[in-house]
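Order of the sequence lines sets the chain letters (A, B, ...), proteins ahead of strands, with each chain counted from 1.
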Amino acid sequence: MPRFFLTTAIDYANGEPHLGHALEKVGADAIARFHRQLGYDVHFLIGMDEHGQKVAQTAEKQGMPPQQFVDEIAAIFQAMWARLGVAYDQFIRTTAPAHKEAVRRLIEQIFAADAALPESQRNFYERSYTGLYCVGCESFKQPSDIVDGKCAVHPTRTLEEVTEHNWFFRLSAYTEQLKQLFRDQPSFLEPESRRNEILQLLEQGLEDISASRSRFDWGVPFPRPLSSGEVQTTYVWFDALPNYWTARFFPGYDQKAAWPADLHVIGKDITRFHTVIWPAMLMAAGEPLPRQVWAHGFISLGGERFSKSAGVKLTLDEAIERYGVDAFRYYLLRDVPYDGDGSFSWERFEEVYNSDLANTLGNLASRSIAMIEKYRAGVVPAVAPDAELFAAHGASLADARAAVDGARQHRPNESIGAVMDIARRTNEYIQRTQPWVLAKDPANAPQLDTVLTTLAASLAHCAAWLAPVMPEKMQAMWEQLGGAGAVTAARLDQPIDVSGWKVTKGAPLFPKPEAAKE
RNA sequence: GGCUGGGUAGCUCAGCUGGUGAGAGCGCACGACUCAUAAUCGUGAGGUCGAGGGUUCGAUCCCCUCCCCAGCUACCA
């Protein structure tokens, strides 16, 4: 069984999960679920980035030890992922001993490689860094953050020139190798728009980066002291990014999380870290690179009804409660292109819910099941479905698959669109064949058998193909159709035979909530 | 400022290397049907394909200029 190891970015433990977190996780979850149903042995890794100065500060403000603080945040995130149906296989936390130990291991691996290099080429070296330090932010400021010689965030404070001596990583030495990577394997970073940005960065040339810092100690102690004897804290690059690689050092995960990963799903804002710094680190350590990085876009609360001035905000709880978890997942994945940006609005949510879920799909299920009950006592006739219709369906399914198995990148929205084409085509088929007319004359029984089987088969395929997006609702639909077992066990690369299935009309799958209407 | 990608029906967007008719979904209007969650099916509405030049027998798709929008321009992550 082919393996598919995908990851999402680990979330910074500095606040609660929001719409943006949800988009990434639900999107990656759908990709993971699609692969499971395509027959892959999937390992889906997500987690938390729990170190760093900000976390330590926030914990302090709340008057608790940092570990306790991140424990609570991690629990909140995990509860949200459970609620959203995000079925990860491993949840990694950077404060876990196994991670910290593996970080040391990775760094030592690079030091070991350095031993064979002349001093001027070593990956790790000590260097003094002088920068403008903002006491308010407790961080160094880049020229772009400075306005009129002051920190843009704390204009009343004076920036101090501070010198710090750190371990550095010779990122600049990898410019050519990275260019080569993108030449040989353009698909290393998708979508193309993001790749262009990184290519531009590589053209400009890279600067070396800090590998350790002295100003905070909430993190992994850098394995080697400076020549002065000072032990510093491993900086974020060498702590957070390696989580994908350290996952396999957790007990029981040595095979499941075997490196390299097939796909890193990340937000477009951290593309450079994952496609420049991370591969360079792996090159330095002599480790293989992940096969691909997918940088998704963002979702905003752009609509008027969510304007800040109106004071309208949105919590994930609200978004879930209105129409249910699966409808929310559907809306996110259907309405936001995974390679670009989108915006959340209740207006669009309602449109999508009513049009796609209630009218097109839900009603198709209702009418089909009702007719099978009415005309065939609930048993799907054991005949072949309409060949012509299924030829068209087959083309749609091929499209749906290409949009999620990597062939045409990772676009759940396009996959969903292709499946909805099946539902629309089937509604049209009903109108064209008019089973209620066929039912009036027993002589038409064979034709009616074909029509009813075609309806059940069409729906069964919709259920299987939308299960990665709406696992609970599609399970309900599957059961109404009389499918055995879990719909998530239905293989997408095989046709589904519905002969003899016993359908049962249940409650509408996607009821229109009168109460929610204003 | 520089770089990249965009500006196509009310909305969200497809339109590969230029060629007889500019499309989809939603929304809207009208019509049809009754199996169904007042759902569905059909038809239509007639968008200077951002603006102005140019190349070509012919451009939404090529070139130039301009206008507008978005992203990137590295150590908070």
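Listed for the A:W278 side chain is no donor-acceptor partner under 3.5 Å among the backbone atoms of A:P290.
Using C1' as the reference atom, B:A24 and B:U65 are 34 Å apart when rounded to the nearest Å. Comparing B:C49 with B:C13, their C1' atoms are spaced 13 Å from each other, to the whole Å. Taking the P atoms as reference points, B:G18 lies 16 Å from B:C57, given to the whole Å. Here the separation of B:A14 from B:U34, taken at their P atoms, is 40 Å to the nearest Å. Across the C1' atoms, B:U40 and B:G7 are found 36 Å apart, a figure rounded to whole Å. Using C1' as the reference atom, B:G71 and B:C33 are 50 Å apart when rounded to the nearest Å. Nucleotides B:G52 and B:U60, compared at atom P, are 13 Å apart to the nearest Å. Rounded to whole Å, the separation between the P atoms of B:C28 and B:A39 comes to 10 Å.
Residue A:E207 is classed as a base contact, given a heavy-atom separation below 4.0 Å to a base. A:L364 comes within 4.0 angstrom of nothing in the nucleic acid, heavy atoms only. If you check every strand for non-hydrogen atoms under 4.0 Å, A:G205 touches a base. Counting any heavy atom pair closer than 4.0 Å across all strands shown, A:I277 reaches no nucleic acid atom. Residue contacts for A:K440: at a heavy-atom cut-off of 4.0 Å it reaches no nucleic acid atom on any strand shown. Base engagement by A:P508 is indicated by at least one non-hydrogen atom pair under 4.0 Å involving a base atom. When heavy atoms are screened at a 4.0 angstrom cut-off, A:R424 is found touching the sugar-phosphate backbone but no base atom. At a threshold of 4.0 angstrom between heavy atoms, the contacts of A:D49 are confined to the sugar-phosphate backbone, with no base atom among them. Counting any heavy atom pair closer than 4.0 Å across all strands shown, A:Q200 reaches a base atom. A:Y375 comes within contact range of the sugar-phosphate backbone alone, with a heavy-atom separation under 4.0 Å but no base atom that close. Looking at heavy-atom distances under 4.0 Å, A:S193 makes no contact with the nucleic acid at all. Within 4.0 Å (heavy atoms only), A:D421 reaches no atom of the nucleic acid at all. A:A358 comes within 4.0 angstrom of a base, heavy atoms only.
Proximity of A:R272 to the phosphate of B:U73: a side-chain N or O atom is located under 4.0 Å from OP1 or OP2. Taking side-chain N and O atoms only, A:N359 has a distance below 4.0 Å to OP1 or OP2 of B:U40. Listed pair A:K512 / B:A38 fails the phosphate criterion, with no side-chain N or O lying under 4.0 Å from OP1 or OP2.
A straight line from CG of A:N196 to C1' of B:C72 spans 10 Å, rounded to a whole angstrom. Spacing between atom CH2 of A:W436 and atom C1' of B:C41 amounts to 8 Å, rounded to whole angstrom units. Protein atom CE of A:M371 is 11 Å distant from nucleotide atom P of B:U37, rounded to whole Å. Look at CD on A:E190: it is 15 Å from P on B:G5, rounded to the nearest Å. Atom CZ in A:R425 sits roughly 17 Å away from atom P in B:U40 (whole-Å rounding). A:E203 places its CD atom 13 Å from the P atom of B:C3, with the value rounded to the nearest Å. Between the P atom of B:U12 and the CD atom of A:E347 lies a distance of 11 Å, rounded to the nearest Å. Atom pair A:W237:CH2 and B:A77:C1' shows a separation of 7 Å (rounding to whole Å applied).
Ranking B:U40, B:U37, B:C26 by closeness to the A:S355 side chain, first place goes to B:C26. For A:L171, the side-chain atoms get nearest to B:A74 when compared with the rest of B:A77, B:A36, B:A74. With B:A77, B:A36, B:C41 as the choices, the nucleotide that has an atom nearest any side-chain atom of A:Y12 turns out to be B:A77.
Between A:R348 and A:E351 there is a salt bridge, since a side-chain N of the basic residue sits under 4.0 Å from a carboxylate O of the acidic one. A salt bridge links A:D71 to A:R93: one of the charged nitrogens lies within less than 4.0 Å of a carboxylate oxygen.
When both distances must be under 3.5 Å, the Watson-Crick or G-U wobble mate of B:C13 is B:G23. Base pairing of B:C41: its partner is B:G31, meeting the Watson-Crick or G-U wobble criterion (both donor-acceptor distances under 3.5 Å). In a base pair of the Watson-Crick type (N1 to N3 plus N6-O4 or O6-N4) or a G-U wobble (N1-O2 and O6-N3), with each distance short of 3.5 Å, B:G1 is matched with B:U73.
In this structure, A:R170 satisfies the cation-pi test against A:Y125, with its NZ or CZ atom closer than 6.0 Å to the six-membered ring centre and inside 45 degrees of the ring normal. A cation-pi arrangement, defined by a distance under 6.0 Å to the six-membered ring centre and an angle within 45 degrees of its axis, is present between A:R322 and A:W346.
A donor N or O paired with an acceptor N or O is found under 3.5 Å between the base of B:C76 and the side-chain atoms of A:K54.
Toward the 5' end of RNA chain B, the nearer of the two residues A:A370 and A:D208, judged by each one's closest nucleotide, is A:A370.
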Test log, rule side chain to side chain donor-acceptor pair (under 3.5 Å), inputs A:H99 and A:T246: CA-CA 6 Å; A:H99 173 76; A:T246 66; 2.7 Å; yes
Stepwise salt bridge (Lys or Arg N to Asp or Glu O under 4.0 Å) test for A:K179 and A:E176: CA-CA 5 Å; A:K179 283 183 182 174; A:E176 275 311 313; 3.7 Å; yes
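Ring centers of A:Y331 and A:F344: under 6.0 Å apart, within the cut-off.
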